[in-house]
Amino acid sequence: MDFRQTIGRQSQRLDAGIDDRFSNFLYVDQHYHSNAVLRRVFSLARKHGYCSLLVEEIAESDCALMASENGAIAVRQANYQRSDVRRISFFRSKSDRPPAPTDFIGYVVFKRDFFADKPQPRVHIFESVMPPFRQTEHNNFIHCKRRYELNTTLGKFTVSGVLYAQQNDLTFVCAHVALRTALACILPDGDISYERMNGLAGIDHRTRQVGGGSGLGPSDMEKILADVNAHYDKVVHEPNQQLHLPTEYQRDLYGCIESGLPALVGFELDDTTAGGNGGSRHVIPVFGHTFNEDTLLPQAQRAYFGGLRRHYPSENWLSTFVVHDDNFGPYLCLPRHFLKQDNFRVMYGIKSCPTVYSAMEAEGLGFAFFDAIANGRPRTGIDWYDRFAVFTKSGWLVLRTLLLKKGDYIRHLEEIRAWDDASLEPEIVQKFRDYLPENFWMVEASAPELFNSSRRKFGEVLLPCDQPVPKTVNASALLGTRLPGLIYFRTPGQSQIDVRLTRFRGHAPLFTIVNS
């Protein structure tokens with residue numbers, strides 16, 4: 001059993017809420033070796049208004065995952081003695097009453113490993129799931145959360161978040177924990193063991209070891225990704241494989257996250273001792289982003305430095321990437337331009353299916369179709385279509401590109417409403433259901449004020465993700481288009497475009513990813 005399903009043998013309930021004199025700092029100092037990352041977790045719990053915590057001891061004999069990990073440490077270090085684990089659960093209720101399901105906030109598993117020749121144990125957070133504090137109303141977008149169940153002495157509780165973990169620098173390192181976070185977002189079980197990852201990478205802790213400066217290389221990581229059938233885009237910047245632009249990889253990174261899946265970003269350190277991981281490179285999982293709806297960048301970049309661009313990428317409103325860093329804690333914001341070309345080394349952007357071309361290329365092809373439609377039908381007398389045409393021909397469109405599954409798009413079509421509460425006709429929705437493949441690119445078109453303030457759009461163009469980009473734009477590269485008052489279909493296997501009128505004549509909400 002893992003640390004989520006094992007019931008603690010001993011437990012203690014403490015009142016430690018925001019209205020008490022309880023000090024997170026003092027408590028972590030006294031009981032958990034002043035661990036800075038644990039303080040970060042306690043700070044998140046305090047933001048969520050926790051009033052009590054449940055501390056449970058997890059025994060090795062009750063937890064197969066703990067026994068496996070301790071066995072690996074014993075192989076790695078002959079002087080290993082024992083380990084102990086405390087699982088801390090946070091509740092919004094006081095300790096004088098049983099907690100309701102809605103009182104539960106999240107949990108953290110803190111592990112101490114003892115060695116004969118060391119006066120102090122090595123400590124780390126084996127795992128934690130906390131909900132992010134900032135939500136979409138705070139312009140914080142995390143699309144790949146999932147629900148976890150925790151089995152405690154007070155009952156079973158659930159939490160929705162992104163799994164966090166720290167390396168122990170003995171049997172697993174930063175690449176392991178970054179992979180674990182990313183793969184937990186997509187695997188049915190919501191987790192993957194270090195034992196499985198090490199087996200795939202050929203790490204037996206005898207003939208090949210990790211920790212102390214030795215880690216997983218790209219080939220090791222790719223073996224693990226292949227074993228779980230994870231599709232990905234890879235971007236590399238090495239001395240023999242240079243990127244051209246300082247932040248070129250970020251467009252692909254953003255496209256991956258907007259499609260609801262995580263990514264892994266590796267970079268080289270200036271100071272090899274930074275963060276205490278003892279190596280020259282570091283890997284972190286990236287799974288969300290923040291937006292700044294008032295940023296000057298899109299308009300200023302166009303007006304002052306990029307006058308030839310014919311549309312605004314929605315990525316221009318991105319402020320930071322949301323990441324876990326095993327050295328510093330969960331749900332941290334990485335500024336968009338922080339990792340420059342000199343330090344960036346590799347990115348693995350996980351995808352729901354293989355694609356022949358990237359999100360950036362899909363965006364360019366999407367604009368070509370929007371431009372062709374706007375020039376072919378410059379005016380229709382439908383207000384919002386005419387605005388779309390003007391914005392397209394003026395170079396003012398905002399484009400947002402996502403890799404979608406058909407079921408998610410059909411749900412979107414069934415739910416969207418125009419400004420007058422009009423919905424899309426059921427027969428048109430059925431037409432999309434009949435004609436669309438299981439996976440495809442969607443490029444949404446909006447206007448700056450419509451996109452950044454109202455989170456709405458003119459419409460979208462749908463493109464096949466399994467066919468090469470044509471040398472000249474033609475109907476074979478189009479699946480369909482939905483715009484105010486107009487629908488374009490292409491019959492599968494044919495080049496003929498079917499144009500339909502629709503009662504949906506206004507703007508629509510942007511596509512949103514539904515998760516737990």
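Values reported hereafter were calculated over all heavy atoms of this structure, with side chains retained and with hydrogens, waters and symmetry mates removed. We count residues from 1, following the sequence as given.
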Report task. Give a yes-or-no answer on whether the side chains of Asn343 and Asp270 include a donor-acceptor pair shorter than 3.5 Å. Result -> yes
**Report entry** Beyond-backbone contact of Ile284 with Cys174, side-chain heavy atoms, under 4.5 angstrom
**Finding:** no
Requested in this report: Using the six-membered ring wherever Trp is involved, compare the ring planes of Phe172 and His124 and label them parallel, tilted or perpendicular (cut-offs 30° and 60°).
Outcome: perpendicular
Query raised in the report: Does the Tyr164 side chain pair with the main chain of Val108, one donor and one acceptor, at a distance under 3.5 Å?
Result: no
Report task. Might you work through the ring-ring contact (aromatic ring centres under 6.0 Å, His included) test for Phe370 and Phe388, ending with a clear yes or no? Result -> CA-CA 9 Å; Phe370 286 130; Phe388 155 77; 5.7 Å; yes
Report summary line: With sequence neighbours left out, the residues meeting salt bridge (Lys or Arg N to Asp or Glu O under 4.0 Å) with Glu222 are Lys234
Query raised in the report: Do Leu261 and Cys185 have side-chain heavy atoms sitting under 4.5 Å apart?
Result: no
Query raised in the report: Counting only N and O atoms by type, is there a donor-acceptor contact under 3.5 Å from the side chain of Ser128 to the main-chain atoms of Tyr107?
Result: yes
**Report entry** Under 3.5 Å: donor-acceptor pair, side chain of Glu268, backbone of Arg345
**Finding:** no
Query - No-hydrogen, no-angle side-chain donor-acceptor test under 3.5 Å, Asn24 and Tyr50 - result: yes
Query raised in the report: Short question: side chain of Arg490, backbone of Tyr435 - any donor-acceptor pair under 3.5 Å?
Result: no
Query - Donor-acceptor under 3.5 Å (Arg456 side chain, His507 main chain) - result: yes
Requested in this report: Please check if the side chain of Asn375 supplies one atom and the backbone of Asp371 the other of a donor-acceptor pair under 3.5 Å.
Outcome: yes
Query - Distance, nearest 0.5 Å, that separates CD1 of Ile497 from CD1 of Ile487 - result: 12.5 Å
Query - Side chains of Leu413 and Glu460 in contact at under 4.5 Å (non-hydrogen atoms) - result: yes
Query raised in the report: Would you call the rings of Tyr254 and Phe291 parallel, tilted or perpendicular, where under 30° means parallel and over 60° means perpendicular?
Result: parallel
Requested in this report: Using a strict 4.0 Å threshold on nitrogen-to-oxygen distance, state whether Glu127 and Arg180 make a salt bridge.
Outcome: yes
**Report entry** Polar side-chain atom of Tyr331 near backbone of Met130 as donor-acceptor pair, under 3.5 Å
**Finding:** yes
Query raised in the report: Where do Tyr409 and Phe511 land on the ring-ring contact (aromatic ring centres under 6.0 Å, His included) test, with the steps shown first?
Result: CA-CA 8 Å; Tyr409 181 66; Phe511 176 85; 7.6 Å; no
Query raised in the report: Can you list the steps and then say if Thr136 with Thr512 is a side-chain contact (heavy atoms from CB on, under 4.5 Å)?
Result: CA-CA 11 Å; Thr136 55; Thr512 57; over 6 Å; no
Query raised in the report: Are the side chain of Gln166 and the backbone N or O of Ile125 linked by a donor-acceptor pair below 3.5 Å?
Result: yes
Requested in this report: Can you label the angle between the Phe133 ring and the His138 ring as parallel, tilted or perpendicular, going by 30° and 60°?
Outcome: parallel
Query raised in the report: In Å and rounded to the nearest 0.5 Å, what is the SG to CZ distance from Cys333 to Phe338?
Result: 13.0 Å
Query raised in the report: Any sub-3.5 Å donor-acceptor pair from Arg146's side-chain atoms to Leu187's backbone N or O?
Result: yes
Query raised in the report: Heavy atoms, side chains only, cut-off 4.5 Å: are Leu463 and Val443 in contact?
Result: yes
Query raised in the report: Does Arg310 count as lying over the ring of Phe367, i.e. NZ or CZ under 6.0 Å from the six-ring centre, within 45 degrees of the axis?
Result: no
Requested in this report: Identify which one of Asn474, Val473, Leu478 satisfies the side chain to side chain contact (heavy atoms under 4.5 Å, CB included) criterion when paired with Ser476.
Outcome: Asn474
Requested in this report: Decide, yes or no, whether a salt bridge links Glu425 with Lys431 under the criterion of side-chain N to carboxylate O below 4.0 Å.
Outcome: no
Query raised in the report: Hey, what's the ring geometry for Phe344 with His237, parallel, tilted or perpendicular (30° and 60° as the breaks)?
Result: parallel
Query raised in the report: Quick one: are Arg505 and Asp420 in side-chain contact, heavy atoms under 4.5 Å?
Result: no
Query - Ser394 (side chain) donor-acceptor with Trp396 (main chain) under 3.5 angstrom - result: no
**Report entry** Single hit among Phe391, Phe451, Phe458 for side chain to side chain contact (heavy atoms under 4.5 Å, CB included) with Val398
**Finding:** Phe451
Query raised in the report: Under 6.0 Å from the CZ atom of Arg46, do we count more than 12 heavy atoms belonging to anything else shown?
Result: yes
Query raised in the report: Given Leu264 and Leu179, is the side-chain contact (heavy atoms from CB on, under 4.5 Å) satisfied, shown in steps?
Result: CA-CA 7 Å; Leu264 300 163; Leu179 276 164; 3.5 Å; yes
Query raised in the report: Can His289 and Glu315 be counted as having a side-chain donor-acceptor contact under 3.5 angstrom?
Result: no
Query raised in the report: Which residue pairs pass the ring pair (Phe, Tyr, Trp, His ring centres under 6.0 Å) test with at least one member in residues 464-488, sequence neighbours excluded?
Result: none
